[in-house]
Amino acid sequence: MTINTNVFGNLEEKSLELCSLYSSFGYELFRMSKFEEYSLYEKYKDFLVSDSILSFTDIGGRLMALKPDITLSLVKNCIPEKNKVSKFFYKENCYRSVKGSGFKEITQVGLECIGAVNCSIVGEVLWLAAQSLENISEDYVLEVSSLDILMAYMSGLGIDAKIEKKIINCLGEKNIHEIEDICRSVDMAYAIPAFKKLLAINGGIEVLQGVREFCDEFGLEHEYFQLEKALSIFEGKPQAERIQIDFSIAENNNYYNGIVFSGYINGVPDSVLSGGQYDMLLKRMNIKASSIGFAVYMDKLAPVFKKEGCEEDADNENKLLRIALPKGRLGEKAYRMLEKAGYACPEIMEESRKLVFENKEAGVCYFWAKPSDVAIYVERGAADIGVVGKDILLEHTPDVYELLDLGIGKCRMCVAGPKDFTDDRSSTLKVATKFTGIASDYYASNGRDIDIIKLNGSIEIAPVLGLSDVIVDIVETGTTLKENNLAVLEEILNISARLISNKSSYRFKSEQIDQICSCIRLAEETK
């Protein structure tokens with residue numbers, strides 16, 4: 001195994017620099033054990049990033065866990081003094097299950113303030129978050145939002161918790177088209193303009209005027225003042241140009257409140273810093289205090305320090321918007337939409353062994369990918385945007401923005417089986433499918449006990465040969481079902497192609513991405 005000592009050295013150096021920064025602001029080093037009693041994490045499991053916890057029994061018979069979260073451990077072992085603020089920083093490892101990689105040891109450097117936290121303390125923490133990012137790279141964005149504004153507006157709508165959760169998830173995806181569908185389904189179409197306004201508030205500190213207008217309209221003056229006061233620390237400072245306000249940061253409102261924020265570095269595909277106020281957690285832990293903190297994920301920073309090839313060439317390449325298209329009819333339809341919107345690259349439709357196709361004048365770079373891989377390329381930052389079916393987004397839940405419903409590739413996700421099939425709920429239902437996640441979620445919501453049979457080839461043959469009772473699959477015309485004496489028994493959801501974006505790419509190429517979305521909308525409206 002070859003160790004890149006340059007990368008390792010840079011990461012260690014940055015960790016020490018961050019710790020020194022926090023210490024200079026009066027924060028004290030807080031050290032923790034690698035282990036905590038499992039019951040702590042079990043009790044607050046929905047606060048954790050990952051549900052999976054590495055546990056073991058110690059020699060005394062206690063069930064212990066390798067700590068999956070640092071904040072819980074710190075809060076549990078900190079007793080804040082009345083009318084004072086306890087300020088700590090740390091450099092610790094935690095142990096989490098990472099999608100596609102199993103358990104990983106993750107290094108975090110961060111800080112926490114617990115006690116009489118006021119707007120000045122919140123501003124200080126935001127300042128230190130910006131300074132942390134600037135210490136790593138000058139090309140950064142600190143994205144800030146107010147959960148108090150969002151949740152105060154939502155509470156005024158009087159909607160039930162399930163609908164509220166769906167809308168918050170959609171806000172986190174910038175998925176306004178599904179918010180519209182949700183609102184219409186519960187006779188709440190009147191709220192659509194407000195949600196559109198919230199998602200349209202996306203930019204530098206200058207968009208505070210738009211936030212103020214929104215808050216004035218809905219009687220949220222106090223919530224607005226808290227946000228304005230916290231951000232006032234950047235007034236007149238060059239760091240203000242690196243602050244963006246974006247209400248798509250919609251954290252777990254069971255624990256978080258007030259100001260929440262994320263940090264991005266250009267060239268790193270996802271956030272490298274995450275933080276916010278978490279008074280709701282303290283309340284659940286019966287601690288009478290306020291709190292705010294953040295963590296820098298050091299393991300994500302290696303790309304910042306890798307210098308491969310010519311930096312000038314890499315910079316020029318980075319200016320092109322990288323677009324992943326799915327191979328096949330759907331991808332060709334998507335390309336025609338983009339071509340009509342002004343982003344043509346004729347070479348992509350020619351017979352060729354080329355893998356990447358550029359149109360530098362239009363500022364785009366295309367490549368073809370297997371349909372199920374498009375979301376992976378976008379999530380991992382190899383593509384800035386891509387076109388993918390809603391079925392793949394639901395099945396694999398990539399951490400991306402869902403910007404547009406393109407209205408192409410329309411089909412249905414259905415339960416199908418023999419025409420005369422009757423579900424006997426006294427026995428386990430055997431379900432064959434490629435879409436195990438969608439099938440599991442659907443039947444779980446109906447309280448149905450099922451046995452999932454994962455298949456990768458032709459699904460329709462499973463009930464014909466008695467392998468399964470029913471199938472869950474995409475139905476376009478239904479011809480194959482009819483030819484095999486099968487029929488649609490239940491419709492789960494409608495499917496169509498979506499335009500998705502990498503979250504970090506959106507921070508640094510928002511103008512290009514918003515422009516391409518606008519051009520697609522305009523082209524579709526005028527056809």
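Only this structure's heavy atoms are used, side chains among them; waters, hydrogens and symmetry mates stay out. Remember, it's a predicted structure, so these values are computed and weren't measured experimentally.
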Enquirer: So, K197 and E217, do they make that salt bridge, N to O below 4.0 Å?
Expert: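 The answer is yes: the pair qualifies as a salt bridge.
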
Enquirer: Report yes if some heavy atom in the side chain of I167 is under 4.5 Å from a heavy atom in the side chain of M154; otherwise report no.
Expert: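 Side-chain contact under 4.5 Å: yes.
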
Enquirer: Which pairs with one or both residues in residues 54-72 pass salt bridge (Lys or Arg N to Asp or Glu O under 4.0 Å), sequence neighbours excluded?
Expert: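 Qualifying pairs: E37-R62, D58-R62, K67-E92, D69-R96.
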
Enquirer: Heavy-atom distance under 4.5 Å between the side chains of K43 and M285, does that happen here?
Expert: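 They are not in side-chain contact.
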
Enquirer: Does E228 reach the side chain of R212, with side-chain heavy atoms less than 4.5 Å apart?
Expert: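 Side chain of E228 against side chain of R212, heavy atoms only: contact under 4.5 Å found.
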
Enquirer: Say whether, by atom type as modelled, one donor and one acceptor occur between the side chain of D148 and the main chain of G258 under 3.5 angstrom.
Expert: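 Answer holds: yes.
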
Enquirer: Can you see which heavy atom on R322 is nearest to which on G381, and at what distance?
Expert: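 Closest approach of R322 to G381, heavy atoms only: NH2-O, 3.3 Å.
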
Enquirer: Would you find a donor on one side and an acceptor on the other, under 3.5 Å apart, between the side chain of K283 and the backbone of K288?
Expert: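 No, because the side chain of K283 does not come within donor-acceptor range (under 3.5 Å) of the backbone of K288.
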
Enquirer: Step through it carefully: locate the ring centre of Y401, locate the ring centre of Y506, and say whether they are under 6.0 Å apart.
Expert: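 Yes: the rings meet the under 6.0 Å criterion.
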
Enquirer: Between the main-chain N or O of M64 and the side-chain N or O of E36, is there a donor-acceptor pair closer than 3.5 Å?
Expert: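 No: the side chain of E36 does not pair with the backbone of M64.
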
Enquirer: Taking all atoms of both residues into account, what is the closest heavy-atom pair of E395 and G437, and its distance?
Expert: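 Looks like OE2-N, 2.8 Å.
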
Enquirer: Could you tell me if the ring centre of F56 sits under 6.0 Å from that of F35?
Expert: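 Ring centres of F35 and F56 closer than 6.0 Å.
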
Enquirer: Would you find more than 12 non-hydrogen atoms of other residues, nucleotides or ligands less than 6.0 Å from E221 atom CD?
Expert: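 Correct, the count exceeds 12.
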
Enquirer: Does a side-chain heavy-atom distance below 4.5 Å link I114 with V85?
Expert: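 No. Closest side-chain heavy atoms not under 4.5 Å.
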
Enquirer: Can you tell me how far the CD1 atom of I385 sits from the CZ atom of R498, to the nearest 0.5 Å?
Expert: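 I385 atom CD1 to R498 atom CZ measures 16.0 Å (nearest 0.5 Å).
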
Enquirer: Should we say atom CD of E28 is surrounded by more than 12 heavy atoms from elsewhere, each under 6.0 Å from it?
Expert: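 No, not enclosed.
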
Enquirer: Counting neighbours of OH on Y41 that are heavy atoms of other residues, nucleotides or ligands and sit closer than 6.0 Å, is the number greater than 12?
Expert: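 More than 12 heavy atoms, drawn from other residues, nucleotides or ligands, come within 6.0 Å of this atom.
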
Enquirer: For F214 and Y153, I'd like to know if the aromatic rings sit close, meaning centre-to-centre distance below 6.0 Å.
Expert: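 Centroid separation for F214 and Y153: below 6.0 Å.
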
Enquirer: With a 4.0 Å cut-off, would you call K196 and E180 a salt bridge?
Expert: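 Judged by the 4.0 Å cut-off on N to carboxylate O distance, K196 and E180 do form a salt bridge.
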
Enquirer: Please step through side-chain contact (heavy atoms from CB on, under 4.5 Å) for the pair L320 and K360, ending with a clear verdict.
Expert: CA-CA 7 Å; L320 297 179; K360 291 183 179 179; 4.3 Å; yes

Enquirer: Salt bridge check, D246 against K174: does any charged N sit closer than 4.0 Å to a carboxylate O?
Expert: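 Salt bridge flag = yes for D246 with K174.
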
Enquirer: Charged N to carboxylate O below 4.0 Å: is that the case for K503 and D399?
Expert: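 Counted as a salt bridge, because a side-chain N and a carboxylate O are separated by less than 4.0 Å.
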
Enquirer: Can you find a pair of side-chain heavy atoms, one from F88 and one from L111, that are under 4.5 Å apart?
Expert: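 With C-beta onward as the side chain, the pair stays apart.
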
Enquirer: Is any side-chain N of the basic residue among D139 and R242 closer than 4.0 Å to the acidic one's carboxylate O?
Expert: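 R242 and D139: salt-bridged.
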
Enquirer: Stepwise, does the side-chain contact (heavy atoms from CB on, under 4.5 Å) test hold for I149 with F218?
Expert: CA-CA 10 Å; I149 291 174; F218 296 103; over 6 Å; no

Enquirer: Compare all side-chain heavy atoms of L499 with those of C517 and state whether any distance is below 4.5 angstrom.
Expert: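 SC-SC contact between L499 and C517 confirmed.
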
Enquirer: Under 6.0 Å between ring centres, would you say that holds for F47 and Y255?
Expert: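 Yes.
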
Enquirer: What heavy-atom pair brings V378 and S501 nearest, and what distance separates the two atoms?
Expert: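 In this case the closest contact between V378 and S501 is CG1-C, 3.5 Å.
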
Enquirer: Output yes when a side-chain donor or acceptor of D384 lies under 3.5 Å from a complementary backbone atom of L321, and no otherwise.
Expert: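 Judged by distance alone, no pair lies under 3.5 Å.
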
Enquirer: Pair E105, K34 - check salt bridge (Lys or Arg N to Asp or Glu O under 4.0 Å), show working.
Expert: CA-CA 11 Å; E105 184 176 27; K34 284 185 171 61; 5.8 Å; no

Enquirer: Go through V387 and V374 one step at a time and tell me if the side-chain contact (heavy atoms from CB on, under 4.5 Å) criterion holds.
Expert: CA-CA 7 Å; V387 175; V374 169; 5.7 Å; no

Enquirer: Give a yes or no answer on whether the side chain of E112 reaches the backbone of S86 with a donor-acceptor pair at less than 3.5 Å.
Expert: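 No: the side chain of E112 does not pair with the backbone of S86.
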
Enquirer: Between S504 and V268 (side chain of the first, backbone of the second, donor and acceptor by atom type, cut-off under 3.5 Å), is there such a pair?
Expert: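 Yes, because the side chain of S504 sits within donor-acceptor range (under 3.5 Å) of the backbone of V268.
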
Enquirer: Without hydrogens or angle criteria, can the side chains of E402 and H177 be said to hold a donor-acceptor pair below 3.5 Å?
Expert: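 Their side chains do contain a donor-acceptor pair, which is all the 3.5 Å distance test asks for.
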
Enquirer: Can you tell me how far CG of L394 sits from CG of D441, rounded to the nearest 0.5 angstrom?
Expert: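 Interatomic distance, D441 CG to L394 CG, rounded to 0.5 Å: 8.5 Å.
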
Enquirer: Under a 4.5 Å cut-off applied to non-hydrogen side-chain atoms, are Q277 and V260 in contact?
Expert: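 A side-chain contact under 4.5 Å is absent here.
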
Enquirer: Looking at E206, I'd like to know if its CD atom is crowded, meaning that more than 12 non-hydrogen atoms belonging to other residues, nucleotides or ligands lie closer than 6.0 Å.
Expert: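 Yes, enclosed.
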
Enquirer: Less than 4.5 Å apart, side chain to side chain, heavy atoms only: is that true for K104 and Y95?
Expert: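 Side chain of K104 against side chain of Y95, heavy atoms only: no contact under 4.5 Å found.
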
Enquirer: So, for S73 and M32, which heavy atoms are closest and what is the spacing to 0.1 Å?
Expert: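 So the two residues come closest at CB-SD, 3.8 Å.
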
Enquirer: Verify the neighbour count for atom NZ of K300: are there more than 12 heavy atoms of other residues, nucleotides or ligands below 6.0 Å?
Expert: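 Yes, NZ of K300 has more than 12 neighbouring heavy atoms, counting only those of other groups under 6.0 Å.
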
Enquirer: Quick check against the 3.5 Å criterion: does R380 have a side-chain atom that pairs as donor or acceptor with the backbone of N502?
Expert: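 Checking the backbone N and O of N502 against the side chain of R380, no donor-acceptor pair under 3.5 Å is found.
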
Enquirer: Applying side-chain contact (heavy atoms from CB on, under 4.5 Å) to Y297 and D270, what does each step give before you reach the verdict?
Expert: CA-CA 10 Å; Y297 297 90; D270 57 357; over 6 Å; no

Enquirer: Roughly how far, to the nearest 0.5 Å, is CG of L74 from CZ of R31?
Expert: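 Here the rounded value is 13.0 Å.
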
Enquirer: What's the separation between atom OH in Y256 and atom CG in L147, rounded to the nearest 0.5 Å?
Expert: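 Atom-to-atom, Y256:OH and L147:CG are 10.0 Å apart.
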
Enquirer: Could you tell me if S132 and Y22 have a donor-acceptor pair between their side chains, going purely by distance under 3.5 Å?
Expert: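 A donor-acceptor contact under 3.5 Å links the two side chains.
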
Enquirer: CG/N175 to SG/C170 distance, rounded to the nearest 0.5 angstrom?
Expert: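 Interatomic distance, N175 CG to C170 SG, rounded to 0.5 Å: 4.5 Å.
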
Enquirer: Is there a donor-acceptor contact under 3.5 Å from the side chain of S20 to the main chain of L16?
Expert: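 Flag not set: sc S20 to bb L16 has no pair under 3.5 Å.
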
Enquirer: What class does the angle between the rings of W127 and F234 fall in, given that below 30° is parallel, 30 to 60° is tilted and above 60° is perpendicular?
Expert: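 Geometry flag for F234 against W127: tilted rings.
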
Enquirer: Is the shortest side-chain N to carboxylate O distance from D46 to R284 below 4.0 Å?
Expert: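 Looking at D46 and R284, the cut-off is met.
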
Enquirer: Of all heavy-atom pairs between A240 and I205, which one has the smallest distance, and what is that distance?
Expert: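 What the structure gives for the nearest pair is CB-CD1, 4.0 Å.
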
Enquirer: With distance as the sole test, does S23 use its side chain to make a donor-acceptor pair with the main-chain N or O of C19 at under 3.5 Å?
Expert: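 No, because the side chain of S23 does not come within donor-acceptor range (under 3.5 Å) of the backbone of C19.
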
Enquirer: Would you find a donor on one side and an acceptor on the other, under 3.5 Å apart, between the side chain of K237 and the backbone of I233?
Expert: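 Pair found, side chain donor or acceptor close to backbone of I233.
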
Enquirer: Would you name the heavy atoms of D405 and A497 that are closest together and state the gap between them?
Expert: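 Nearest pair, atom of D405 first, then A497: OD1-O, 3.5 Å.
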
Enquirer: Going from OG on S145 to CD1 on I245, what distance comes out if it is rounded to the nearest 0.5 angstrom?
Expert: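 Here the rounded value is 9.0 Å.
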
